[in-house]
Amino acid sequence: MIEIEGTKIGTGHRPYIIAEVGINARNDLTLAKRFIEVAADAGADAVKFQTHIADAEMVESEMRSIDAGEVYDTVADCEWSLDEHRELQSHADMHDVTFLSTPFSTEAVDLLDEIDVPAIKIGSGEMNNRHLLEHAASTGKPLLVSTGMNTLDEIEATCDFLDDVASEYALFYCVSAYPTTAADFDFKTIETLEEMADVPVGFSDHSTGVEAAKVAIGNGAALIEKHFTIDRRLPGPDQAVSIEPDDLANLTEFATLYDETS
């Protein structure tokens, strides 16, 4: 079991629902605040963003030299300053929903530690980044680690590493396909990861709708991370796999059926 801002997460407790805004709000602070408000109204436990520092993640000149300048530009367009992070966190606090974010560099970890987030999300692409994992673990905060694109052997090696450096952590079963189809899932993986690591295991969902998330809950997922938007017509690469407010409310209501403590 782990704990985030007093909420216990693990077997027997209601699945913890994370509305992942990601980069759906780009760097529009007003829009991001609206995301927070709507996610809170829909009953999410947490709303998660991404903490990008473009120059800490890549070298602009090198990216442009390989005709990948648009990647640099996209990341740079999604940066939040320290003060903007504080403002978003304060807005989340005001609406009684937890502010979380995914860092993609040690500098981003330091920024999130500076505002004292209650947990740090590690994306699938960083699961084998020992330097980032150790730096995040050094904050003493729980780590929420996605496992997409990785083999069971790679996941086990990361868990062995985390057992040495992290105070506590959870894993997410994740299929890194956008959108993920029903044929891509093997929900028995949730139990496999639980047995392997003896930590709470959630489900990071990149499918459309909420059906897969519900099946994951039925298969023991202790957390659900689901891409969220207030309107799929907004620009951005993740809008198509994001659920809208009604679906988020449906998912959070469904999660309450699995609270054995009430």
Side-chain angles (χ1 to χ4, degrees), residues 2-7 9 16 18-37 39-40 44-60 72-146 158 161-162 164-172 202 204 223 225 228 238:
I2 67 170
E3 202 168 305
I4 298 178
E5 289 196 326
T7 299
I9 301 168
Y16 189 86
I18 301 171
E20 183 184 0
V21 176
I23 60 173
N24 279 343
R26 306 288 288 189
N27 62 349
D28 185 328
L29 198 62
T30 300
L31 182 61
K33 288 180 178 179
R34 183 59 183 153
F35 270 86
I36 290 170
E37 293 163 6
D45 295 289
V47 58
K48 189 186 77 67
F49 291 83
Q50 293 180 5
T51 298
H52 288 286
I53 302 173
D55 289 331
E57 296 176 34
M58 63 195 90
V59 178
E60 180 180 2
Y72 179 90
D73 293 337
T74 297
V75 171
D77 285 345
C78 295
E79 289 184 4
W80 301 106
S81 69
L82 175 62
D83 286 344
E84 286 171 330
H85 274 79
R86 290 191 193 281
E87 195 167 343
L88 291 174
Q89 184 183 48
S90 176
H91 200 70
D93 289 344
M94 187 187 311
H95 290 273
D96 198 27
V97 64
T98 295
F99 175 87
L100 296 174
S101 191
T102 300
F104 292 87
S105 63
T106 56
E107 291 87 343
V109 170
D110 291 339
L111 187 156
L112 294 176
D113 192 32
E114 175 71 18
I115 67 170
D116 198 24
V117 292
I120 294 177
K121 173 68 197 301
I122 303 295
S124 293
E126 308 301 326
M127 196 205 80
N128 294 306
N129 185 340
R130 299 288 192 267
H131 181 57
L132 181 65
L133 286 174
E134 186 168 17
H135 197 68
S138 72
T139 66
K141 303 177 188 305
L143 305 185
L144 310 177
V145 184
S146 277
T158 291
F161 179 76
L162 290 172
D164 290 336
V165 301
S167 58
E168 55 183 4
Y169 67 95
L171 298 175
F172 283 91
S204 183
L223 311 91
E225 179 185 58
F228 168 71
D238 294 332

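These numbers come from the heavy atoms of this one structure, side chains and all, not from hydrogens, waters or symmetry mates. In this chain, residues are counted from 1 in sequence order. Nothing here was measured: the structure is a model prediction, and the numbers come from that model.
How far OG1 of Thr102 is from CD of Gln50: 6.0 Å, rounded to the nearest 0.5 Å. For the atom pair CZ of Phe104 and NE2 of His52, the computed distance is 4.5 Å after rounding to the nearest 0.5 Å. Considering CG of Asp77 and CG of Asp28, their distance stands at 12.0 Å, rounded to 0.5 Å. Atom CD1 of Ile18 sits about 5.5 Å away from atom CG of Leu144, to the nearest 0.5 Å. Taken to the nearest 0.5 Å, the OG1 atom of Thr74 stands 7.0 Å off from the CD1 atom of Ile23.
Across Ala170 and Ile2, no two heavy atoms sit closer than the pair CB-CD1, 3.9 Å.
Annotation: side chain of Val75 is not in contact with side chain of Ile53 (no heavy-atom distance under 4.5 Å). Residues Asp55 and Tyr72 are in side-chain contact: their nearest non-hydrogen atoms beyond the backbone lie under 4.5 Å apart. The shortest distance between side-chain heavy atoms of Thr98 and Val47 does not fall below 4.5 Å.
In this structure Ala166 satisfies the side chain to side chain contact (heavy atoms under 4.5 Å, CB included) test together with Ala137, Leu143, Leu162, Tyr169, sequence neighbours excluded. Residues passing the ring pair (Phe, Tyr, Trp, His ring centres under 6.0 Å) test with Tyr16, sequence neighbours excluded: none. The side chain to side chain donor-acceptor pair (under 3.5 Å) search around Glu84 returns Ser81, not counting sequence neighbours. When the side chain to side chain donor-acceptor pair (under 3.5 Å) test is applied to Ser101, the partners found at least two apart in sequence or on another chain are Thr51. A search for side chain to side chain contact (heavy atoms under 4.5 Å, CB included) contacts involving Asp113 returns Thr139, Lys141, not counting sequence neighbours. Scanning for side chain to side chain donor-acceptor pair (under 3.5 Å) contacts around Asp73 gives Arg64, with sequence neighbours left out. Contacts of Glu114 classified as side chain to side chain donor-acceptor pair (under 3.5 Å), with partners at least two apart in sequence or in another chain: Arg86.
Checking side-chain atoms of Asp96 against main-chain N and O of Ala40 turns up no donor-acceptor pair under 3.5 Å.
Ring-plane geometry between Phe35 and Phe228 is classed as perpendicular, the angle between the planes exceeding 60 degrees on a 0 to 90 degree scale with a lower cut at 30.
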Identify all side-chain donor-acceptor contacts of residues 118-131 below 3.5 Å with residues at least two apart in sequence or on another chain.
residue	atom	partner	partner atom	Å
Lys121	NZ	Ser146	OG	3.1
Lys121	NZ	Glu225	OE1	2.8
Lys121	NZ	Glu225	OE2	2.9
Ser124	OG	Gly148	N	2.9
Glu126	OE1	Asn129	ND2	2.9
Asn128	OD1	Thr158	OG1	3.4
Asn128	ND2	Asn150	OD1	2.5
Asn129	OD1	His131	N	3.4
Asn129	OD1	Leu132	N	3.0
Arg130	NH1	Thr158	OG1	3.2

In a table with atom names and distances, give each donor-acceptor pair under 3.5 Å that connects a side chain of residues 87-95 to protein atoms at least two apart or in another chain.
residue	atom	partner	partner atom	Å
Glu87	OE2	Lys33	NZ	2.5
Gln89	NE2	Ile115	O	3.2
His91	NE2	Glu37	OE2	2.8

Enumerate donor-acceptor pairs with a distance under 3.5 Å from any side-chain N or O in residues 105-112 to protein atoms, sequence neighbours excluded.
residue	atom	partner	partner atom	Å
Ser105	OG	Ala108	N	3.1
Asp110	OD1	His135	NE2	2.7

Query raised in the report: Where do Phe161 and Glu134 land on the side-chain contact (heavy atoms from CB on, under 4.5 Å) test, with the steps shown first?
Result: CA-CA 9 Å; Phe161 179 76; Glu134 186 168 17; 3.9 Å; yes
